[in-house]
Structure formats: structure tokens, C-alpha cells
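The shown structure was predicted, so the numbers you read here are calculated from the model rather than taken from an experiment. Protein chains get the first letters and strands the later ones, always in sequence-line order, with residue 1 at the start of each.
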Amino acid sequence: AQSVTQPDIHITVSEGASLELRCNYSYGATPYLFWYVQSPGQGLQLLLKYFSGDTLVQGIKGFEAEFKRSQSSFNLRKPSVHWSDAAEYFCAVGLSGGYQKVTFGTGTKLQVIP
Amino acid sequence: DVKVTQSSRYLVKRTGEKVFLECVQDMDHENMFWYRQDPGLGLRLIYFSYDVKMKEKGDIPEGYSVSREKKERFSLILESASTNQTSMYLCASSSASYGYTFGSGTRLTVV
């Protein structure tokens, strides 16, 4: 069965600083990988996804993620964080087919300080 | 825009009550899902459905059941609510071409 690990429960960054959120997965085949963001009291919104092809994936709101098969990682990055990026971020891995059952990580809560 | 609507944002129910959480999607998606979200545990899949009248257990189905009589509606049922079912419940739908869309969630408190 697939699994996802987000080792950082909580991260604090200064506004304007760069951001990297870590995600490691365990899955026997080629994974389908996702990053979602959840603002307080809201559902989850898809930031970006990786199915195949270019290992550097661009998403919405200026986020990108890089798939590294050798490290089983799919880290999320943003060069300059804005106060509105404060939220909880979830990495997820899906079965082949991509849009069926998805397993989520436990989330990383991002705090942005002025 | 695809919309997934959960009928209640907040619910308070008593132990032992039968509870219905409703979810409706407006984009003709084949797949629908119910997750619960708890601090430090992320999202855990309760049940999912690939088609009308079809359901499959997720990772934590105990104490829950579901119903999908129409393609656009997926209901989660707590047969006899207990305090350990106090949680945020998230519904999602997906299709092969569109991906996951989540509702805004229902925060259920069982007292």
C-alpha cells in the first residue's frame, strides 16, 4: 500500500523568504503525486500534480514541486512567500489512474511572519 | 467551476443518534469520497464510490456506512454516533480528466 510522509508538522518563515516543504512517498509503481493547500475552515485546493514527464511541475500561486525518484520525494517550493500563503499543506499519492483512491500525508502547517 | 457542496458546515449531535452527512457534486463525476480529518492524522479515507449504488471501504470504515442512489449525491451515515467520531468530514469528487475537488467540510461534534 502507498504511504506519504511529511516530516515537518509546523514551519515558520518570514514573508519574502523562500519555502520548501518536504514530502516522501512509498509506492511500488510510478506514483501519481499531488500537493493540496487548505486555508482555515476550508476544503482542500489542488496546487499541482505530477503524473509523468518533466519532473519539475509548476502549479498555481507561484508554487512548484520536483519529483525525485531516487529519493522518493516530491518537495514543494516557492521562491518568495506571501502572508496569504499561511495555510496547511498536504502531499498525496494516488494509485495508477491518478484520480481514484488517494492517500494523504499528515500535513504541514505554514506560518508566515512579517 | 466544479462544485462539491456539503449540506452543513457545523453539526452537533448526541451520542447514539443516527447522523446523515450529505454531499452533492454538479459535474457528473464518477468518483466520490468521504474523508475525515483530524489534527496530526491528516485525511483518512472512510468510503468511496466509483458509480451509482456502488461503494468500497476505505481505511477506516468502522462505524460508518454510505449511500449513493444518484450519481451526484453521496451520503455518509453514522449509524450510532459516538464521541470519537467528532471530527471534520470532507467530501470529494473526481473524474479521470478533472481530478479531485473537495467540499468545504462539515465539522461534526458528538456530545
Legend entry - Which atoms of L44(A) approach chain B - backbone, side chain, both or neither, heavy atom under 4.5 Å: both
Legend entry - Contacting region of D59(B) [heavy-atom separation from chain A under 4.5 Å]: side chain
Inset, instruction - Consider only side-chain N and O atoms of E22(B) and S75(B), and report whether a donor and an acceptor are under 3.5 Å apart. - result: yes
Legend entry - Partners meeting side chain to side chain contact (heavy atoms under 4.5 Å, CB included) with T12(A) (sequence neighbours left out): H10(A), Q111(A), I113(A)
Inset, instruction - Specify whether Y100(B) and F34(A) have parallel, tilted or perpendicular ring planes, treating 30° as the upper limit for parallel and 60° as the lower limit for perpendicular. - result: tilted
Legend entry - Under 4.5 Å from any heavy atom of chain A - which part of L41(B): backbone
Inset, instruction - May I ask you to check whether Y36(A) and F102(B) place their ring centres under 6.0 Å from each other? - result: yes
Inset, instruction - I would like to know whether D38(B) and R36(B) meet salt bridge (Lys or Arg N to Asp or Glu O under 4.0 Å); could you show each step before the answer? - result: CA-CA 7 Å; D38(B) 301 287; R36(B) 66 175 280 177; 2.9 Å; yes
Legend entry - Contact residues of residues 103-111 of chain B (partner chain A; heavy-atom separation under 4.5 angstrom): G103(B), S104(B)
Inset, instruction - Return yes if a side-chain donor-acceptor contact under 3.5 Å exists between S73(A) and N75(A), otherwise no. - result: no
Legend entry - Segment of Q37(B) engaging chain A (4.5 angstrom heavy-atom cut-off): side chain
Inset, instruction - Any chance you could lay out the salt bridge (Lys or Arg N to Asp or Glu O under 4.0 Å) test for E64(A) and K78(A), step after step, and finish with the verdict? - result: CA-CA 6 Å; E64(A) 66 178 26; K78(A) 187 169 185 178; over 6 Å; no
Legend entry - Structural part of Q45(A) lying under 4.5 Å from a heavy atom of chain B: neither
Inset, instruction - Decide if the gap between the ring center of F74(B) and the ring center of Y47(B) is smaller than 6.0 angstrom. - result: no
